[in-house]
Q: 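Take a look at this one; I'll ask things after.
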Amino acid sequence: MARVYRVVTQDDAGAVLADLPSTLVPTPSPPAGKPFPRLRLPLHQRIEWGAWATVGSINLVVWALVSLGTASSIYFWPIRVVVPWGIVLAVRTALGVEGGPGRRSVPGGRENNGPAGPTCLQ
């Protein structure tokens, strides 16, 4: 185990793990009923969408409490927070834009997020 924890590069990992049996499991084909496979969002986008949902929910609760407290339906101001932010996130998610100019996610590969550190195993 100590050798495994000392691994720094992929080549080192390959040398340490070379004696393990290969367990090649065939990839199942997608079911015929679903024409598109489910796409999993990268972690940072899941965090962004989670923050959007959390902030939107808090704003909605505050609006509802204020409306109940004043016994009248006040202007639905959470829309000014939720909709623009949601549109930006939806466009970024759909286009795969990750942050700065020329930074897009690479399908099936490493994202263009700068240089990899010396202990990066992929």
Q: Search all heavy atoms of V7 against all heavy atoms of T9 and return the closest pair with its distance.
A: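 So the two residues come closest at CG1-O, 3.4 Å.
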
Q: Side-chain heavy atoms under 4.5 angstrom apart, residues restricted to Ile, Leu, Val, Met, Phe, Trp, Tyr: same cluster for I58 and V83?
A: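 In one cluster: yes.
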
Q: Hydrophobic clusters here meaning ILVMFWY residues chained together by side-chain heavy-atom distances under 4.5 Å, can you tell me if I79 and I87 are in one?
A: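 Yes, because I79 and I87 connect within a single hydrophobic cluster, where side-chain heavy atoms sit under 4.5 Å apart.
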
Q: Checking T54 now: which residues fulfil side chain to side chain donor-acceptor pair (under 3.5 Å) with it, not counting sequence neighbours?
A: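 Testing T54 for side chain to side chain donor-acceptor pair (under 3.5 Å), a comparison that skips the adjacent residues, returns none.
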
Q: Could you report the tightest heavy-atom contact between Q45 and L41, atom names first, then the distance?
A: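 Closest approach of Q45 to L41: OE1-CD2, 3.5 Å.
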
Q: Could I get the full list of side chain to side chain donor-acceptor pair (under 3.5 Å) partners for S57, not counting sequence neighbours?
A: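 Not a single residue meets the side chain to side chain donor-acceptor pair (under 3.5 Å) criterion with S57.
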
Q: If Ile, Leu, Val, Met, Phe, Trp and Tyr residues are connected whenever their side-chain heavy atoms lie under 4.5 Å apart, and connections chain through other members, are L68 and V62 in the same group?
A: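 No; tracing contacts between hydrophobic side chains, which count when under 4.5 Å, never links both residues.
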
Q: Just grab all the salt bridge (Lys or Arg N to Asp or Glu O under 4.0 Å) pairs involving residues 48-61, residues at least two apart or on different chains.
A: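 Listed by first then second residue: E48-R92.
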
Q: So for atom CG, which belongs to L17, do other residues, nucleotides or ligands contribute more than 12 heavy atoms lying within a distance under 6.0 Å?
A: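 Buried by this count: over 12 neighbours within 6.0 Å.
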
Q: Are F76 and V66 connected in a single hydrophobic cluster, I mean Ile/Leu/Val/Met/Phe/Trp/Tyr linked by side-chain heavy atoms less than 4.5 Å apart?
A: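 Shared cluster, yes.
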
Q: Test: salt bridge (Lys or Arg N to Asp or Glu O under 4.0 Å). Region: residues 64-91. Which pairs qualify, not counting sequence neighbours?
A: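 Every pair satisfying salt bridge (Lys or Arg N to Asp or Glu O under 4.0 Å) with a residue in residues 64-91: there are none.
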
Q: Assess whether atom OH of Y5 is packed by more than 12 heavy atoms of other residues, nucleotides or ligands within 6.0 Å.
A: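 At most 12 heavy atoms, drawn from other residues, nucleotides or ligands, come within 6.0 Å of this atom.
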
Q: Name all residues meeting the side chain to side chain contact (heavy atoms under 4.5 Å, CB included) criterion together with S73; count only those two or more places apart in sequence or in a different chain, and write none if there are none.
A: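 In terms of side chain to side chain contact (heavy atoms under 4.5 Å, CB included), with neighbours along the sequence ignored, S73 is linked to W63.
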
Q: Quick one: closest heavy-atom pair of V16 and D19, and the distance?
A: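 Nearest heavy atoms, V16 then D19: O-OD1, 3.4 Å.
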
Q: I'd like to know if V82 and V88 are part of one continuous hydrophobic network [Ile/Leu/Val/Met/Phe/Trp/Tyr, side-chain heavy atoms within less than 4.5 Å].
A: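 Hydrophobic grouping puts V88 apart from V82.
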
Q: Checking V55 now: which residues fulfil side chain to side chain contact (heavy atoms under 4.5 Å, CB included) with it, not counting sequence neighbours?
A: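 With sequence neighbours excluded, V55 shows a side chain to side chain contact (heavy atoms under 4.5 Å, CB included) to N59, V81, W85, given in chain and number order.
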
